[in-house]
Amino acid sequence: MRLDKFLCETLGVTRREATILLRRGEVSVDEKTIKVASVQVSECSKVEWQDRILPMPGPRYFMLNKPEGFVCSHEDNANPTAFTLFDEIKIDKLHFAGRLDVDTTGLVLITDDGQWSHKITSPKRKCNKVYRVWLEEAIGEDYADQLTVGLQLHNEKGLTLPAKIEVVDFSQNELLLTICEGKYHQVKRMFAALGNKVERLHREAIGEIVLDETLEPGEYRVLTAEEIQSIG
Ligand code: URA
């Protein structure tokens, strides 16, 4: 692909604007400043603009370890948005493939590929999500059965779909919950329906994609091809 075309698609600039960036000497390919628009670049080329490595044009996919206190939206009056943690171009084109509440931590997937995120968020697809949950009160003996049967949430028509729990630590009221729905405040409402209260909530997995333990809260990385394809 020609370098000017690459810049147009990656930066969202016009051909003329791309030519100006090149003339100013702002673009390098494989560590060399390039001013010629017709230079060919490939997937193996390292294209940099203003000291930033530019991704190949095409859809982008990231996982973020969301810290507490950040909202999953582009704008908020009260809290910083999770996008402020991103050092990427064209942030306005990205969206969350399933949100977390401001006080929930853990795995958030972010992309500009609407078809891909639809497979995660569409209720019809029943994509599993795993949450680590810490409850205020003891884990009830009957929770597993009640979650399998389904719960009646306030202001919802039907019962919740069968969900699974695995107790991690009875003394800490800590468990893993797997659900395949994503209603508003779903997990908190499920435990409220069981007469308990969620004290802390952390998402660990979406489908086959597991939160990378090497990511500190606030850090993110690009998804691997395998992770992207696992959402089928
Ligand atoms: N369920 C909730 O209640 N909150 C979240 O952030 C995610 C799922």
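Every number for a ligand or one of its atoms is a count from 1 in the order of the listing.
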**OP:** Can you sort out the partners of S38 under side-chain hydrogen bond (donor to acceptor under 3.5 Å, both in side chains), two or more places apart, ordered by chain and number?
**Re:** none
Original post:
Which residue pairs satisfy the salt bridge (Lys or Arg N to Asp or Glu O under 4.0 Å) criterion with at least one member in residues 71-81, sequence neighbours excluded?
Top reply: none
Original post:
Would F86 and F62 count as a close aromatic pair, with their ring centres under 6.0 Å?
Top reply: yes
Distance-only criterion, 3.5 Å: show the donor-acceptor pairs between side-chain atoms of residues 191-202 and protein atoms not counting sequence neighbours.
from, atom 1, to, atom 2, distance (Å)
N196, OD1, E137, N, 2.9
N196, ND2, E137, O, 3.1
N196, ND2, A138, O, 3.2
N196, ND2, Y143, OH, 3.0
H202, ND1, T105, OG1, 2.6

Original post:
Would you say T121's side chain and S117's backbone share a donor-acceptor pair under 3.5 angstrom?
Top reply: yes
**OP:** Return the protein residues near ligand 1 (heavy atom under 4.0 Å from any of its atoms), ordered by chain and residue number.
**Re:** L100, D101, T104, Y131, H185, Q186, V187, K188, L201
Original post:
Centres of the F83 and Y220 rings: under 6.0 Å?
Top reply: no
